[in-house]
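For reference, the structure discussed in these notes is given below.
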Amino acid sequence: MGALRKALSWDVKLWGRVLRPLLSCQGRTGGSRGRTCSSRQPHPALAGLLSATGQVSHWTEVFEKRGIPEARESSEYIVAHVLGAKTFQSLKPVLWTQPLTPWQLQRIQELCSHRLQRMPVQYILGEWDFQGLNLKMAPPVFIPRPETEELVEWVLEEVAQRPCAVGAQGGPLILEVGCGSGAIALSLLSQLLESRVIAVDREEAAICLTHENAQRLQLQDRIWIVPLDVTLEGSWTHLLPWGPVDLVVSNPPYVFHQDMEQLAPEILSYEDAAALDGGKEGMDLITHILSLAPRLLKDSGSIFLEVDPRHPELVSSWLQSRPGLSLSLVAVRRDFCGRPRFLHIRRSGP
């Protein structure tokens, strides 16, 4: 603990030495009563810190000392963001070594201080890319993970292979349960040009963020965003006016309750626990979706779910014990780490 305090104290003193002369020069041209900016440059030993590359190296070291995960990636994203780019690698090479402005240095320090508090990079930047779409991010709305992009890709593959399952209007009518930031719904809309989506969520913050992202991407004309808690009795009746749907898609809360305390501080401190905690066996919302789906799906309609690797067997057993639902687990797909992560369930009867 003493060594950590010493390191942090050094960091604060260092930045005081770098930023103080720079910030005091803003708007100054020198004169008879003051020094010029050129006479107040930081010590040559610190000059390397004033470039984008130097900032990335410096904050990577600070993050590593503090045990911040993905230290270099976090530093690169923050520095690139302040310089107006999405990634550090996309910056023009000339910008890597060019001295940063006092405002840029101060802004990098502010954003990095949030990362030191374990705030996720997505919230710090206020935006994140998903399936090529730039989405606004804001706490506590769930941050879409890379695995979920694979779920979207699977849905797109199935729609392409089964055009007969598509509605008469030329594109599928899709219900997303738990829309969060709108990542899944808006990705499908952007790639299935004649599709329509009903996106529901019980959290007001998620509803507002999906609205904002739909407007941001100019997809608002093909999406209905509905505040709805599907766990409430009779909630499904609110969806009937839109007619039977071709697909139900969801990345529901599926973390086993006993596993919640093992999640990273970034998740526990900033993201909505309700978007993660799936109850005792992680199945609470999953079973509600499966119970609801037969009332809303067309004949031979499909459900695509992202789940915990322990869930394929649990879901299969649950469905077999409820033949009246006329739902069958037809495929399980593994994620890029080789874990069984996605389920395709099909309605097999009227």
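At distances below 3.5 Å, at least one donor-acceptor pair connects side-chain atoms of Ser348 with backbone N or O atoms of Ser326. A distance-only check finds no donor-acceptor pair linking the side chain of Ser269 to the backbone of Glu266 [under 3.5 Å]. With hydrogens and angles ignored, the 3.5 Å screen pairs a side-chain donor or acceptor of Thr210 with a backbone N or O of Gly182. A side-chain donor-acceptor contact under 3.5 Å links Asn213 to the backbone of Lys136. Listed for the Arg222 side chain is a donor-acceptor partner under 3.5 Å among the backbone atoms of Ser195. Checking side-chain atoms of Ser190 against main-chain N and O of Ser187 turns up a donor-acceptor pair under 3.5 Å. Counting only distance, with no hydrogens or angles, the side chain of Asp272 and the backbone of Pro140 share no donor-acceptor pair below 3.5 Å. Between the Ser250 side chain and the Val177 main chain, a donor and an acceptor come within less than 3.5 Å of each other. In this structure, the side chain of Thr53 engages the main chain of Trp96 through a donor-acceptor pair within 3.5 Å. When atom types are taken as modelled, the side chain of Gln262 and the backbone of Asp259 share no donor-acceptor pair closer than 3.5 angstrom.
The hydrophobic clustering, which links ILVMFWY residues whose side-chain heavy atoms are closer than 4.5 Å, places Phe130 and Val249 together. Both Leu151 and Trp128 sit in one connected hydrophobic cluster of ILVMFWY residues. Membership requires side-chain heavy atoms under 4.5 Å apart, directly or through other members. Hydrophobic clustering, with ILVMFWY side chains joined whenever heavy atoms are under 4.5 angstrom apart, keeps Leu276 apart from Phe342. Ile286 and Trp236 fall within a single hydrophobic cluster, where Ile, Leu, Val, Met, Phe, Trp and Tyr are joined by side-chain heavy atoms under 4.5 Å apart, directly or via other members. Leu343 and Phe336 end up in different hydrophobic clusters when Ile, Leu, Val, Met, Phe, Trp and Tyr side chains are linked at under 4.5 Å.
Not a single side-chain hydrogen bond (donor to acceptor under 3.5 Å, both in side chains) links Arg202 to another residue, sequence neighbours left out. By the side-chain contact (heavy atoms from CB on, under 4.5 Å) test, Arg107 pairs with Val82, Trp103, Glu110, Leu111, sequence neighbours left out. The ring pair (Phe, Tyr, Trp, His ring centres under 6.0 Å) search around Phe256 returns His311, not counting sequence neighbours. Remark: Tyr254 engages Glu306, Arg341 in a side-chain hydrogen bond (donor to acceptor under 3.5 Å, both in side chains) (not counting sequence neighbours). Here Gln220 pairs with nothing under the side-chain hydrogen bond (donor to acceptor under 3.5 Å, both in side chains) rule; sequence neighbours left out. Under the side-chain hydrogen bond (donor to acceptor under 3.5 Å, both in side chains) criterion, Asn134 pairs with Asp129, Arg216, sequence neighbours left out.
Summarising the geometry of Pro340 relative to Val332, their closest heavy-atom pair is CB-CG1, 3.9 Å, with the distance given to 0.1 Å. The heavy-atom pair separating Leu173 from Pro244 by the smallest distance is CD2-O, 3.5 Å. For Leu186 against Ser181, the heavy-atom pair with the smallest separation is CD1-O, 4.4 Å. Residues Pro69 and Arg115 come closest through the heavy atom pair O-NH2, 3.3 Å. Closest approach of Gly178 and Glu176 over heavy atoms only: O-OE2, 3.5 Å. Taking every heavy atom of both residues into account, Leu91 and Leu95 meet most closely at CD2-CD1, 4.0 Å.
The line from CD of Glu61 to CZ of Arg72 is 10.5 Å long, rounded to the nearest 0.5 Å. Of the inter-residue distances, the one linking Leu290 atom CG with Ile345 atom CD1 reads 4.5 Å to the nearest 0.5 angstrom. Note that OG of Ser51 is 9.5 Å distant from CG of Leu105, once rounded to the nearest 0.5 Å. We find the CZ-OG distance between Arg322 and Ser317 to be 10.5 Å, quoted to the nearest 0.5 Å. Atom CG of residue Leu135 and atom CD1 of residue Ile143 lie 12.0 Å apart, to the nearest 0.5 angstrom. A distance of 10.5 Å separates CD1 of Ile223 from CD of Gln215, quoted to the nearest 0.5 Å.
Around atom CD of Gln258, more than 12 heavy atoms belonging to other residues, nucleotides or ligands sit under 6.0 Å away. Open room surrounds CD on Glu204; 12 or fewer heavy atoms of other groups in view lie less than 6.0 Å from it. In this structure, His257 places its NE2 atom where only 12 or fewer heavy-atom neighbours from other residues, nucleotides or ligands lie under 6.0 Å away.
You'll find the side chain of Ile174 reaches within 4.5 Å of the side chain of Leu192, heavy atoms only. Using a 4.5 Å heavy-atom cutoff, the side chains of Phe88 and Leu83 are not in contact. No side-chain heavy atom of Arg347 sits less than 4.5 Å from a side-chain heavy atom of Ser328. Between Arg310 and Glu281, the closest side-chain pair of non-hydrogen atoms is not below 4.5 Å. At least one side-chain heavy atom of Trp242 sits less than 4.5 Å from a side-chain heavy atom of Val226. The closest side-chain heavy-atom distance from Phe63 to Cys112 is below 4.5 Å. Side-chain contact between Val248 and Leu292 is absent, with no heavy-atom pair separated by less than 4.5 Å. Side-chain contact between Gln117 and Pro265 is absent, with no heavy atoms from C-beta onward closer than 4.5 Å.
Using a 4.0 Å cut-off between charged side-chain N and carboxylate O, Arg145 and Asp335 make no salt bridge. Glu158 and Arg333 are not joined by a salt bridge, as no carboxylate oxygen comes within less than 4.0 angstrom of a charged side-chain nitrogen.
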Verdict with supporting geometry, Leu239 and Val200, side chain to side chain contact (heavy atoms under 4.5 Å, CB included): CA-CA 10 Å; Leu239 302 175; Val200 306; 3.9 Å; yes
Does the pair Leu247 and Ile303 meet the rule for a side chain to side chain contact (heavy atoms under 4.5 Å, CB included), with working shown? CA-CA 6 Å; Leu247 306 171; Ile303 307 164; over 6 Å; no
Between Val141 and Asp201, is the side chain to side chain contact (heavy atoms under 4.5 Å, CB included) condition met? List the steps. CA-CA 11 Å; Val141 179; Asp201 203 294; over 6 Å; no
As a quick check of understanding, evaluate side chain to side chain contact (heavy atoms under 4.5 Å, CB included) for Ile267 and Met260, giving each step before the final call. CA-CA 9 Å; Ile267 299 172; Met260 286 292 293; over 6 Å; no
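Side-chain contact check for Gln131 and Gln191: at least one donor-acceptor pair (N or O, by modelled atom type) lies under 3.5 Å. Side-chain atoms of Ser316 and Gln320 form a donor-acceptor pair, as typed in the model, at a separation below 3.5 Å.
The aromatic rings of Phe304 and Trp154 sit perpendicular, their planes meeting at an angle over 60°, well past the 30° parallel limit.
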